[in-house]
2 protein chains.
Amino acid sequence: MTKARVTVIDIAKAAGVSKSTVSLVLQGSSLVNEATRAKVNTVMRDLGYVYNRGAANLRQAGAKSRIIGVVVNDLTNSFFAELAVGVDMVVQSAGFVQFLSNTGESIDRQREVVASMREHGISGLIVSPARATDAADFKPLVAAGIPVVVVVRNLPGAKVSSIVSDNRAGMVSAVKHLAGLGHKRIAFLGGFPDTAVFDDRLAGYRNGVEAAGLGYHEELVISSAPSRAGGVEAIGKAIALGLRPTAAVCFNDAVAFGVCDGLRSRRLEPGVDFAVVGFDDVIEAQAAVPALTTVSVDPQGIGRRGAQMLLKQINAGKAEAETMTTAVRLVVRESCGAGKTAPAKAGKSVKSKQDAE
Amino acid sequence: MTKARVTVIDIAKAAGVSKSTVSLVLQGSSLVNEATRAKVNTVMRDLGYVYNRGAANLRQAGAKSRIIGVVVNDLTNSFFAELAVGVDMVVQSAGFVQFLSNTGESIDRQREVVASMREHGISGLIVSPARATDAADFKPLVAAGIPVVVVVRNLPGAKVSSIVSDNRAGMVSAVKHLAGLGHKRIAFLGGFPDTAVFDDRLAGYRNGVEAAGLGYHEELVISSAPSRAGGVEAIGKAIALGLRPTAAVCFNDAVAFGVCDGLRSRRLEPGVDFAVVGFDDVIEAQAAVPALTTVSVDPQGIGRRGAQMLLKQINAGKAEAETMTTAVRLVVRESCGAGKTAPAKAGKSVKSKQDAE
DNA sequence: CTGTTAGCGCCTTCAG
DNA sequence: CTGAAGGCGCTAACAG
């Protein structure tokens with residue numbers, strides 16, 4: 001069937017030159033005569049030669065395989081699919097290929113795929129770490145000189161590069177939006193206080209309310225699990241307050257969905273009787289609650305930037321850990337009643353607002 | 001930094017055995033003493049040894065790299081993201097890794113990534129071909145003994161395995177559904193008649209109407225571009241018919257959306273004044289028109305099956321081209337007014353119906 | 001500018 | 001059960 005793979009030596013023979021010459025042609029060296037180069041190329045095409053990167057890679061010591069690994073925790077989530085597309089774009093045009101694996105939040109799966117990728121000699125790794133990922137998990141990689149870029153979720157202790165979205169600025173813009181609609185008592189709902197992401201978002205909230213001259217009131221910060229159920233719980237507590245808030249920014253979209261659930265079960269229509277803004281870390285908002293106003297991130301942009309950062313480090317040889325935060329923007333949707341974030345009194349209509357920084 | 005990659009010879013030395021012994025341990029051979037095996041494994045862990053598949057692959061002639069390539073035309077579309085996840089599942093648990101690339105319907109991109117994948121020695125390829133893909137495009141691969149499985153879109157001339165959804169059965173169930181609601185004149189709207197997919201779907205439509213005793217009337221089959229605009233055009237013609245239909249099955253979801261557009265511009269509410277069923281080849285229906293009743297495919301299942309088929313062929317050595325069609329199911333949604341497919345007179349409510357075969 | 005000579009890390013005989 | 005050679009396809013020095 002397969003006529004024993006055609007190698008450089010075959011084409012060298014056929015072209016009447018030596019293997020080194022062929023090798024030089026392969027790497028586009030300028031040390032080779034134009035005529036011979038053309039000849040060699042022709043022969044390669046005729047014989048159907050395919051370059052064997054495995055062999056090349058073997059020879060060039062710990063050199064570049066031109067493979068970059070990408071591991072995400074849920075490709076089913078369009079957020080990560082977009083991320084992967086962003087990575088693929090820059091990776092492809094740089095002549096690399098990507099290994100893409102899904103962990104489904106399983107730390108074991110993650111370890112397996114990363115190990116497998118290493119065996120295949122990836123020259124870099126982009127990872128959105130599964131929940132329980134240990135900061136030390138990627139140490140062996142960086143020790144081996146393989147750059148790692150962590151995206152979306154930061155990994156506190158790890159000495160690797162990372163890209164996360166600008167949580168603080170996102171919350172500031174969300175609060176500003178609500179304040180602009182006339183809200184005076186805005187709650188911060190959901191999320192566990194022991195995470196860096198929570199801290200960032202809460203800080204943004206605080207900056208926002210203070211900038212709007214509303215003051216920061218601790219009782220308006222109600223933490224809960226960062227889930228739909230947590231949202232239901234949080235809004236319950238918020239409504240039970242003496243001075244009931246009229247609006248809320250939520251830790252993430254899941255919480256926002258729960259908050260809407262909780263409101264409806266109390267005969268309050270989200271967006272009409274109570275303004276809700278989500279945080280679109282998991283961009284499915286559009287599908288789940290078409291008109292929820294949220295702070296949106298640009299996953300594809302994160303992917304592109306992450307890949308660029310990684311390639312830079314790969315080319316530089318040494319990986320200088322670097323941290324970057326990407327901009328987010330407030331997206332106000334009003335196609336459905338549930339999307340209005342305005343209180344009954346202030347029926348101001350905002351079409352779509354971009355928030356700088 | 002990097003202490004010159006640790007190799008089998010290093011660990012052999014440290015464990016006081018020969019490289020061959022280490023090699024045997026690596027492949028889990030039973031020819032090695034339990035004690036020495038343990039020792040070797042310990043040393044490997046201590047020295048942080050990582051298996052070099054590139055080298056192994058080089059030695060083992062045209063053997064298996066345990067890499068399978070996956071190329072899709074739009075990972076942004078959740079249909080393909082799900083497909084990729086399905087592939088990843090079986091591929092991962094079989095100890096393979098996947099190269100995943102996006103072509104964005106660009107035939108050039110596709111050729112590039114496939115070439116790149118070949119250079120890396122993939123042992124198999126799963127591809128949802130970009131629009132203009134030539135049937136001969138994958139010949140070199142199969143000639144080289146690399147199995148190829150085409151999914152979602154079939155490639156008429158190509159002698160490769162393929163998995164497409166059961167277009168015929170899907171249409172049969174859609175028509176059956178409408179007939180069950182009392183519709184007598186059901187149109188088939190959209191699609192270009194010169195494609196295999198169209199033929200399959202039309203055949204299903206024909207089977208359906210005939211089985212329901214409605215007879216097949218050619219004037220009810222109105223082709224158009226398989227796009228939203230095409231849908232608008234098609235419904236326009238349908239409404240202009242002497243005996244106007246009361247319902248329609250559409251070539252795909254895009255057409256269905258256009259049909260809805262066309263109906264609304266004529267003050268007809270889809271699902272109330274005219275029943276519409278889409279064909280969910282591009283599953284975004286849920287996001288775009290939350291309540292459209294459609295024939296849904298299971299992309300993740302296709303991915304899993306495709307991967308299994310591929311692995312089978314890889315293990316079998318020889319690739320016996322094989323064709324498979326996967327089941328689809330009719331999903332009736334009624335969360336929104338637009339989702340009802342029932343005609344005004346017959347207000348029958350169907351929650352969700354599974355269609356066998 | 002082109003040819004020769006060594007290996008890269010691993011696996012496979014083939015003897016011990 | 002273990003050690004000693006040889007070579008996979010390619011590139012990296014050096015010679016010519």
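Residue numbers begin at 1 in each chain, while the letters A, B, ... track the order of the sequences. Remember, predicted model here, so these are calculated numbers, not experimental data. Side-chain atoms are counted along with the backbone in the values below, which use heavy atoms only and exclude waters and symmetry mates.
Rounded to a whole Å, the CG atom of Leu58(B) is 9 Å from the C1' atom of dG7(D). Atom CG in Leu26(A) sits about 10 Å away from atom C1' in dT11(D), given to the nearest Å. Counting to the nearest Å, the C1' atom of dG9(D) and the CD atom of Glu119(B) are 13 Å from each other. Atom pair His120(B):NE2 and dG9(D):C1' shows a separation of 15 Å (rounding to whole Å applied). Rounded to an integer number of Å, the gap from CD1 of Ile11(A) to P of dG9(D) is 14 Å. If you measure from atom CZ of Arg37(B) to atom P of dT2(D), you get 10 Å, rounded to the nearest angstrom.
Here Phe99(A) pairs with His120(A), Phe99(B) under the ring pair (Phe, Tyr, Trp, His ring centres under 6.0 Å) rule; sequence neighbours left out. Listed by chain and number, the residues in a side chain to side chain contact (heavy atoms under 4.5 Å, CB included) with Ala81(A) are Leu75(A), Ala81(B) (sequence neighbours excluded). In this structure Lys312(B) satisfies the salt bridge (charged side-chain N to carboxylate O under 4.0 Å, His left out) test together with Glu322(B), sequence neighbours excluded.
Residue pairs meeting the ring pair (Phe, Tyr, Trp, His ring centres under 6.0 Å) criterion with at least one member in residues 26-45 of chain B: none, sequence neighbours excluded. Counting only residues at least two apart or in different chains, ring pair (Phe, Tyr, Trp, His ring centres under 6.0 Å) contacts with residues 12-42 of chain A are absent. Among residues at least two apart or in separate chains, there is no ring pair (Phe, Tyr, Trp, His ring centres under 6.0 Å) pair with a member in residues 28-50 of chain B. For the side-chain hydrogen bond (donor to acceptor under 3.5 Å, both in side chains) condition, the pairs that include at least one residue of residues 85-113 of chain A, sequence neighbours left out, are Asp88(A)-Gln92(A), Asp88(A)-Gln98(A), Gln92(A)-Arg109(B), Glu105(A)-Arg153(A), Arg109(A)-Gln92(B), Gln110(A)-Thr133(A), Arg111(A)-Asp137(A).
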Distances for protein N or O near nucleotides 14-16 of chain C N or O, under 3.5 Å:
none

Please produce a list of atom pairs where a protein N or O lies less than 3.5 Å from an N or O of nucleotides 2-6 of chain C.
| from | atom 1 | to | atom 2 | distance (Å) |
| --- | --- | --- | --- | --- |
| dT2(C) | OP1 | Thr36(A) | OG1 | 3.4 |
| dT2(C) | OP2 | Asn33(A) | N | 3.2 |
| dG3(C) | OP2 | Ser18(A) | N | 2.6 |
| dG3(C) | OP2 | Ser18(A) | OG | 3.4 |
| dG3(C) | OP2 | Thr21(A) | OG1 | 3.3 |
| dT4(C) | O4 | Ser20(A) | OG | 2.5 |

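Under the 4.5 Å side-chain criterion, counting only non-hydrogen atoms from C-beta, Glu82(B) is in contact with Thr76(A). Counting heavy atoms from C-beta on, the side chains of Val6(B) and Ile11(B) come closer than 4.5 Å. In this structure, the side chains of Ser161(A) and Gln313(A) come closer than 4.5 Å at one or more pairs of heavy atoms. By the 4.5 Å heavy-atom criterion applied to side chains, Leu155(B) and Ser162(B) are not counted as neighbours.
For the pair Ser23(B) and dC11(C), the criterion of a side-chain N or O lying under 4.0 Å from OP1 or OP2 is met. Gln27(B) has no side-chain polar atom (N or O) that falls below the 4.0 Å cut-off from OP1 or OP2 of dC10(C).
Sorted by residue number, the members of residues 45-54 of chain A with any non-hydrogen atom under 4.0 Å from DNA chain D read Tyr49(A), Tyr51(A), Asn52(A).
A donor-acceptor pair under 3.5 Å links the side-chain atoms of Ser123(A) to the main chain of Ile67(A), judged by distance alone.
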Donor-acceptor list for residues 41-48 of chain B side chains, cut-off 3.5 Å, not counting sequence neighbours:
| from | atom 1 | to | atom 2 | distance (Å) |
| --- | --- | --- | --- | --- |
| Asn41(B) | ND2 | Arg37(B) | O | 3.2 |
| Thr42(B) | OG1 | Ala38(B) | O | 2.8 |

Once pairs are restricted to Watson-Crick or G-U wobble with both distances under 3.5 Å, how does DNA chain C read as a dot-bracket string, [ ] for crossings and | for other-strand pairs?
||||.|||||||||||
